[in-house]
Amino acid sequence: MSALNCPVCDSAEVEMSRVERDNGLGLESIRLVNVPFLECGRCGEGFEEFPAYRRLIRQAVELLCQLDSRLTGQEIAFVRHALNRSQQELAGLLGVHTVTLSRWETGHSEVPAPADRLLRALAFEHFGRKRPAELSTAPQHRRRQRPITLDVEQLHGKTYTYETPHTFGGTNHAWVMSNDG
């Protein structure tokens, strides 16, 4: 039994388990593992818990921005929301019209490599991270085969380790990031 009470019926009969979620955070390119899932034994209500939600969003953005393939429209919208920018604000920073940004986000047109790199640089600056030197080259135009896997349970530790089939700065090694800052 958990010390938490059900938000629906206020029962203390709440059990926690860990689940996996494809399309994590609303992105086809993210797969979440070890997501805390709480279920009420009395009313049957179930809900996911993200105690470190802001860190999860930040790490997802940082990982997306380090991929050597171009961002999808869905990912561009996700990064924009993580940066807390409106379409008008981000379009102004990228030097494009809001209609152009909207077309990128909806997948009606592809983001050009220079705008893709600029968006990534803005994301790293926003989160106070140093932009990797590899981002000075244009992201490749290729489809990713599998999603990035983020382990939600690791967000409470000192480092994050991600297994990924994608290339980060020319290697396919698991990525390890510091939890500082």
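Applying the side-chain contact (heavy atoms from CB on, under 4.5 Å) test between R31 and each of D151, T149, N23, L25 identifies T149 as the sole match.
From E105, atom CD reaches atom CD of Q74 across 11.0 Å, with rounding to the nearest 0.5 Å. Rounding to the nearest 0.5 angstrom, the gap separating the CZ atom in F47 from the SG atom in C6 is 6.0 Å. Atom-to-atom distance recorded for L94:CG and D116:CG is 10.0 Å, nearest 0.5 angstrom. One distance of note links CD of E110 with OG1 of T72; it measures 10.5 Å at 0.5 Å rounding. Taking OG of S29 as the start and CD of E75 as the end, the distance is 3.5 Å to the nearest 0.5 Å. A distance of 10.0 Å separates OG1 of T106 from CD1 of I76, quoted to the nearest 0.5 Å.
Heavy atoms only, all atoms of each residue included: I30 and P147 are closest at N-CB, 3.9 Å. The nearest pair of heavy atoms linking R70 to A113 is NH2-CB, 3.7 Å. Minimum interatomic distance between G46 and F37 (heavy atoms only, all atoms of both residues): CA-CZ, 3.7 Å. In plain terms, the two heavy atoms of F124 and E62 that are nearest each other are CZ-O, 4.0 Å. Here the closest non-hydrogen pair linking E39 and G44 is OE2-O, 4.0 Å. The minimum heavy-atom distance between P36 and R18, with the atom names listed, is CG-NH1, 3.1 Å.
Counting only heavy atoms from C-beta outward, the side chains of L93 and E89 never approach each other to under 4.5 Å. Counting heavy atoms from C-beta outward, S102 and Q87 have side chains that approach closer than 4.5 Å. With contacts defined as side-chain heavy-atom distances shorter than 4.5 Å, the pair V79/L83 qualifies. Residues W104 and L119 have side chains not in contact (no heavy-atom distance under 4.5 Å, counting atoms from C-beta outward). Using a 4.5 Å heavy-atom cutoff, the side chains of R58 and R129 are in contact.
At a threshold of 4.5 Å between side-chain heavy atoms, the hydrophobic network of Ile, Leu, Val, Met, Phe, Trp and Tyr places L90 and V99 in two separate groups. Residues V8 and V14 do not share a hydrophobic cluster, defined by chaining ILVMFWY side chains whose heavy atoms lie under 4.5 Å apart. Under the 4.5 Å side-chain heavy-atom criterion for ILVMFWY residues, no single connected hydrophobic cluster contains both V33 and I148.
By the 6.0 Å contact criterion, CD on E48 is enclosed, its count of non-hydrogen atoms from other residues, nucleotides or ligands being greater than 12. A 6.0 Å sphere centred on CG of N84 holds no more than 12 heavy atoms belonging to other residues, nucleotides or ligands.
Panel note: side chain R120, backbone C65; a donor-acceptor pair is recorded below 3.5 Å.
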